[in-house]
Each structure stands twice: as structure tokens, then as C-alpha cells.
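Keep in mind that the numbers below use all heavy atoms, side chains included, and drop hydrogens, waters and symmetry copies. We name chains A, B, ... by the order of the sequence lines, and we start the count at 1 in each one.
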2 protein chains.
Amino acid sequence: MKATIYDVAREAGVSIATVSNAINGKGNVSKKRRDQIFKIMEQMNYQPNVNASALMGKKTYTLGLLIPDISNPFFAEIARAIEDEAHQLNYSVIMCSTDNKDERVERYIALLEQKNVDGILIGTGLDNLDILTSLQARTIPVVMIARETSALEVDTVVADDYVGGLMAARHLAGLGHRRIAILSEQWKVSSARERIRGFKQGLQDAQIPFDDDQIAICNYLIEEGRRGAGELLGRAHRPTALFCCNDVLAIGAMQEARRLGIKVPEELSIVGFDDTILAAVVDPPLTTVAQPIVNMGKQAFRLLIAHLDEADSVKKRIVLRPELTIRQSTAPAANISVE
Amino acid sequence: MKATIYDVAREAGVSIATVSNAINGKGNVSKKRRDQIFKIMEQMNYQPNVNASALMGKKTYTLGLLIPDISNPFFAEIARAIEDEAHQLNYSVIMCSTDNKDERVERYIALLEQKNVDGILIGTGLDNLDILTSLQARTIPVVMIARETSALEVDTVVADDYVGGLMAARHLAGLGHRRIAILSEQWKVSSARERIRGFKQGLQDAQIPFDDDQIAICNYLIEEGRRGAGELLGRAHRPTALFCCNDVLAIGAMQEARRLGIKVPEELSIVGFDDTILAAVVDPPLTTVAQPIVNMGKQAFRLLIAHLDEADSVKKRIVLRPELTIRQSTAPAANISVE
DNA sequence: GTGAAAGCGCTAACAA
DNA sequence: TTGTTAGCGCTTTCAC
């Protein structure tokens with residue numbers, strides 16, 4: 001069986017209180033005792049039982065991470081960033097793929113509560129805000145990552161979607177495109193909304209006209225991207241450039257363009273958003289707005305930790321600047337046709 | 001504060017033992033009491049504290065999952081499969097990205113032990129077998145998934161790599177290829193070794209000669225695939241087909257072929273292994289040997305659970321049949337050149 | 001500097 | 001059928 005604090009105490013000829021103090025650097029334990037105790041712990045291969053100490057109101061050193069789907073590269077990369085940051089401070093993270101279903105969210109949260117996690121990172125959409133309020137009522141720290149929630153006061157870290165959209169528009173405008181369309185995720189996804197708002201602003205800045213019927217709405221799936229792009233590209237005066245709200249949609253668009261015999265980037269420029277591994281792997285490599293994923297993970301974790309220590313600091317909202325990664329799916333507009 | 005079993009007991013006017021019995025369906029609690037207690041639990045929003053009950057030797061309902069990197073699509077897909085299976089039985093899974101470093105493996109395992117996980121799923125290479133033995137000494141259940149360990153007696157679930165290699169060879173042979181090369185992972189990766197063994201057998205069955213200098217060894221990285229492919233394709237009498245030990249390498253090979261102006265599949269057929277999302281997304285879509293990922297996750301979890309219940313059942317090794325997914329990166333050999 | 005004892009939320013004998 | 005009680009492994013007063 002595993003050694004307990006009692007075993008160590010007995011072996012060292014001291015009381016468990018002294019062992020506990022030695023471990024936690026509390027009280028006053030003489031150097032001699034400390035060293036002796038540590039030596040014995042090593043010998044016995046003693047590891048304090050986190051759950052037991054959690055019972056006394058200490059931390060469990062366990063976090064929950066809610067995301068739509070760990071098998072989606074964007075979220076997998078987020079998860080890795082968080083995991084690395086957490087691991088440094090001895091935290092473990094429990095993964096919870098919600099499929100964006102509130103019912104799954106609730107189940108997962110209930111489970112996490114039972115396990116007394118120290119905090120929860122939420123990177124999934126939350127239709128039902130009651131979930132958050134009840135979490136806050138129970139004073140379990142929450143930070144949102146890569147997603148926002150309008151109503152509640154929650155710590156949040158996101159990329160600046162608006163600026164990302166702006167960057168994409170500037171890039172396309174700079175290449176001389178004037179007939180541009182957008183492939184968007186559901187309107188209710190706030191980040192998509194912001195990206196498009198920024199994109200439109202960018203177009204406007206460049207005095208490029210834009211009409212909302214140039215937006216196709218899709219779900220977060222490659223085949224949806226194909227469908228949406230098909231709709232847009234099938235029109236009479238088809239666009240020379242496409243802004244897609246994420247890489248997955250952009251890939252769908254690339255596939256559809258190929259199917260239609262439209263060359264990317266010669267006849268159609270495509271820009272994505274996220275800069276996941278997928279963007280680097282497709283052909284041509286995708287020009288895309290890169291979210292600072294690693295940094296987001298780091299900030300989110302830090303925010304959560306800060307919350308554990310200082311009772312309740314004022315809620316922060318950290319907005320990180322995205323960056324345009326120019327690859328080969330965009331090129332100058334062939335000829336600026338007079339409409 | 002969160003309600004405890006005492007609160008419920010007080011409210012219901014019974015003892016905590018009765019509440020406990022009601023919850024766990026133990027002892028004899030009258031229907032009336034049961035119902036009353038459950039109603040009160042609901043009212044108070046009571047959730048039993050898993051950690052406390054774990055202290056009494058019950059399960060923690062938490063598992064550890066060791067994989068090289070959650071941001072790698074193959075492992076992310078494995079993780080998702082396991083998570084889904086686990087979630088159904090109220091288990092949580094802690095993700096541990098090891099980067100294949102033994103030092104990280106050890107740290108993670110120590111952490112998992114402190115948290116009293118019920119079991120550990122290992123999908124990462126293990127150079128140091130002592131890790132496993134010490135785990136077994138502490139009687140914490142382990143099952144290997146998608147990786148093997150020679151020495152130890154451990155429950156294992158893997159795809160049949162040998163057969164997978166065989167399938168790839170048959171496919172290529174059937175298309176008339178005769179000059180075939182291999183892009184392999186490090187020799188010490190046992191699955192790679194098996195895949196190649198199967199592949200060679202397949203070639204032999206088809207009476208296609210093969211020499212080991214047609215194998216390039218790479219690490220698990222796209223750029224490594226490029227390098228390895230470059231080496232193979234730069235030779236005088238270059239191969240008309242390439243078998244790659246995994247999708248990532250295959251993608252590197254595709255990129256290198258493109259750089260060299262070699263058309264896939266017209267001038268070069270490529271087959272990968274794993275069938276991750278990447279295979280579906282590249283252009284041309286990759287013909288690849290699909291590992292039955294979802295099923296592997298399911299079996300691995302079941303094996304682990306079985307271990308928790310029956311003290312120590314005999315060690316099993318479950319081998320799942322892979323499947324060839326034919327897409328567009330393979331085509332008939334242009335002309336069977338006489339050498 | 002060190003230890004005795006109470007208690008965290010729960011389960012499991014054993015009594016009643 | 002229900003309650004009393006003694007832990008599980010640990011932290012934390014509070015004496016000594």
C-alpha cells in the first residue's frame with residue numbers, strides 16, 4: 001500500500017503534525033528534523049494525498065477545461081497551451097468536450113464540482129447563462145477562453161476578432177480585390193460576428209462596397225464550407241476573394257473552388273481565421289489570421305490562478321492581438337474588372 | 001457553501017448513515033425515506049463529494065491519459081474517443097501530453113498517483129520500463145493504447161499494424177507499382193516496425209523486389225517527411241510509389257513531391273497511415289490505412305474498467321483490424337518500366 | 001520546536 | 001429500518 005503521513009511520522013519518530021509542517025513549510029520545524037523527514041519521505045516514496053488535503057479546504061490542483069471538441073485542431077491546440085501552463089504549477093486538467101450542447105455542459109460541470117476542481121476554463125459556447133451564474137454563486141472561479149459571454153461578469157481572454165477581420169480586409173484590399181464575399185459561422189457565435197464587423201470596416205476603409213447578401217452562413221464543418229462557398233461562387237458575378245471565419249470553412253471553400261475548376265489563388269483568393277495546423281497542410285497553404293493560441297492559454301490559466309489566490313479581484317478582459325499569416329491562398333486580383 | 005451529507009441528514013431528520021445508504025443503494029432504507037431524502041437532496045442541490053468518498057477507498061472516477069501531444073490530430077482523436085466512452089460512466093479524464101519524454105511521463109504519473117486516479121491509459125512511448133513496473137507494483141491499473149510495450153504484461157489495444165502494412169502493399173501492387181519506397185518513423189517505434197514488416201510481406205507476396213536502402217527514417221514531423229521524401233525522390237531511378245508510416249510523414253512527402261514538380265498521383269502514388277483529419281484535408285486527399293480510433297478508445301476504456309472491478313483478470317491484448325481508405329493520392333503506375 | 005486532538009465529507013461495521 | 005461510531009489522510013489550532 002501507499003505510504004501515508006502516519007508511516008512517515010512513525011519512521012521519523014515524530015508526530016504527523018510535524019511531518020505536515022515540514023512538508024508545507026509551516027510552523028517551526030528545526031532544520032535537522034526537516035532534513036530527516038524529507039529523507040525518510042524519499043526512502044518511503046511518500047506522496048501526499050491531494051484529495052485528503054483538499055478535504056481540509058486546500059486546493060485539489062485540478063482544473064476543468066470545457067471546449068466543443070478536443071479532436072478539433074483549434075481546441076486541441078488551446079488545450080495543449082493550457083495544459084503546459086498548468087503542468088508547470090502542478091495542476092492537472094480534465095478535458096470536457098461539450099459538442100456545444102448545453103446538456104453536456106451541465107453534466108460536465110456537475111462532475112467537475114463533485115471533484116472539487118479549483119476552477120474551470122470555458123472555451124465553449126454557452127447558450128444558457130444560468131450555468132455561469134450558478135457557477136459564480138458557488139464561487140468557483142471561471143475564465144472564458146476564445147469565447148465570450150455578453151451578460152456576465154467573467155474573466156475572459158480572447159483574440160481581437162475585430163482587428164483580425166480588419167487585417168484580413170486590408171490584405172485583400174491591398175491585393176486589389178473588390179468583389180469579396182464572406183463565409184461566416186452562425187450569427188450567434190460572437191467571435192464570428194466581430195470578425196465580420198472588423199472585416200466590413202476594413203472594406204469600408206478601403207472604399208470597397210459590400211452588401212450583406214455576399215455573406216453565406218454555415219456550421220463549423222468542412223462540408224458546410226463547401227456548401228456555402230458553392231452558393232457564393234455559383235452566382236453570376238462571382239467574387240474574386242473570400243473571407244472565411246475560420247480555417248475549417250476556408251478549407252471547405254478551397255475544396256469547392258477546386259471542384260468548380262476555379263483556381264486558388266489565381267482566380268480566387270481565400271483567407272481563413274485561426275491558423276491551425278490545417279492551414280499549413282492544405283494546398284495551397286492558407287493565408288489566415290493567426291490567433292495567438294499559446295499566449296491565450298497562458299493568460300487564461302494565469303487569470304484563473306490569480307483568482308484562486310486573491311479572493312475576488314476585479315474581472316479582467318484580456319484581448320490579444322492576432323496576426324496575419326500570409327501564405328499562398330491569396331494573390332493579387334487578376335484584373336480589376338469594371339462592373 | 002456547498003451542502004454536505006450532514007445538511008441533507010439534518011433537513012431530512014435522519015442520520016448521515018441513512019442518507020449515505022440511500023445514495024448508494026446499500027442497507028435497507030424504506031421507500032418513503034428514500035424518496036424524501038432524494039427530494040431534499042434535489043432541493044438543496046446536494047452533490048456527494050467524490051474526493052471524500054475516495055478517501056474511504058472508493059473510486060475517484062478519474063483517469064489519466066498519457067499521449068505524446070494532444071495537439072496532434074491522431075492523439076486528439078484518440079482522446080476524444082476515450083473521453084466519450086469515459087463520460088458515459090461518469091469518469092473524468094486528465095490529459096497528459098508527454099512529448100515522448102520519460103521525464104515528463106514520470107512527473108505526470110506522480111501527479112496522477114497523488115490524485116488517486118483509478119487507472120491510467122498510456123498511448124505514449126515508454127523508454128523506461130521501470131515506470132510501468134512501479135505502476136504495477138502500486139496496483140494501479142494500466143492499459144496501453146495504440147502503443148505497445150514488449151516486456152511487460154499489460155492490457156493493450158492496438159490496430160493490427162502488420163495487416164495495415166499488408167493492405168497498403170497490396171493496394172500499391174494492385175495498381176501496378178514496382179518501384180516502391182518507404183518513409184518510416186524511428187525504428188524503435190514498434191508500430192512503425194510492424195507496418196513495414198507487413199508492407200514488405202505484401203510486396204513479397206506480389207513478387208515485388210524490395211531493398212532496405214529504399215527506406216528513409218524520419219521523426220514524426222512534416223518537415224521530416226519532406227526531408228525523407230527528398231532523399232528518396234532525388235535518386236536516379238526514383239520510386240513510383242511511397243508508403244509512409246503515418247499521415248504526417250505522407251503530407252511532408254506530398255509537399256516535397258510538389259516542390260520537385262512531381263505530380264501526385266500521376267507520377268507518384270502516396271499512401272499514409274492513421275487516417276486523421278489531415279488525410280481528408282490535403283490535396284489530393286490521401287489514401288491511407290485507417291486505424292479504428294473510436295473503437296480503440298472504447299476497447300481501451302472497457303479494459304481499464306474491467307480491471308477495476310475484477311481484481312486482476314488475465315492480461316488481454318486486443319488487436320483491431322485497420323481498413324484501407326482509398327482516396328486520390330494513389331493511381332495506377334503510369335507505365336511499368338522495364339528496368 | 002513539537003505533539004494531541006478535532007475535524008474536512010464520506011463509508012462501513014456494528015448496535016439498537 | 002435506522003443511528004452511532006470509528007476511521008480514510010490530511011491540516012490546523014492550541015497546549016506543552
Using only side-chain N and O atoms of B:T18, determine if any of them is under 4.0 Å from OP1 or OP2 of D:dT1. no
I'd like to know if the side chain of B:H87 pairs up with that of A:R107 as donor and acceptor (distance under 3.5 Å, no hydrogens or angles considered). yes
For atom NZ of A:K32 and atom C1' of C:dT2, their distance in whole Å: 14 Å
Any donor-acceptor pair under 3.5 Å linking the side chain of B:T62 with the backbone of B:T60? yes
Output yes when at least one side-chain N/O atom of B:R33 is less than 4.0 Å from OP1 or OP2 of D:dT2, else no. yes
From the list D:dG3, C:dG3, D:dT2, which nucleotide is the closest neighbour of the side chain of A:V14? C:dG3
Side chains of A:Y91 and A:K59: do they bring a donor and an acceptor to under 3.5 Å? yes
Regarding A:K31 and A:D35, does a basic nitrogen lie under 4.0 Å from an acidic carboxylate oxygen? no
Within the 4.0 Å limit for protein heavy atoms, which parts of nucleotides 8-16 of chain C are touched? Write it as a string from 5' to 3', B for base, S for sugar-phosphate only, - for none. BBBBB----
Please list every donor-acceptor pair under 3.5 Å in which a side-chain atom of residues 297-306 of chain A meets a protein atom from a residue at least two apart or in another chain.
unit_1	atom_1	unit_2	atom_2	d
A:Q299	NE2	A:N295	OD1	3.3
A:R302	NE	A:E85	OE2	3.4
A:R302	NH2	A:E85	OE2	2.8

Side chains of A:N72 and A:Y220: do they bring a donor and an acceptor to under 3.5 Å? yes
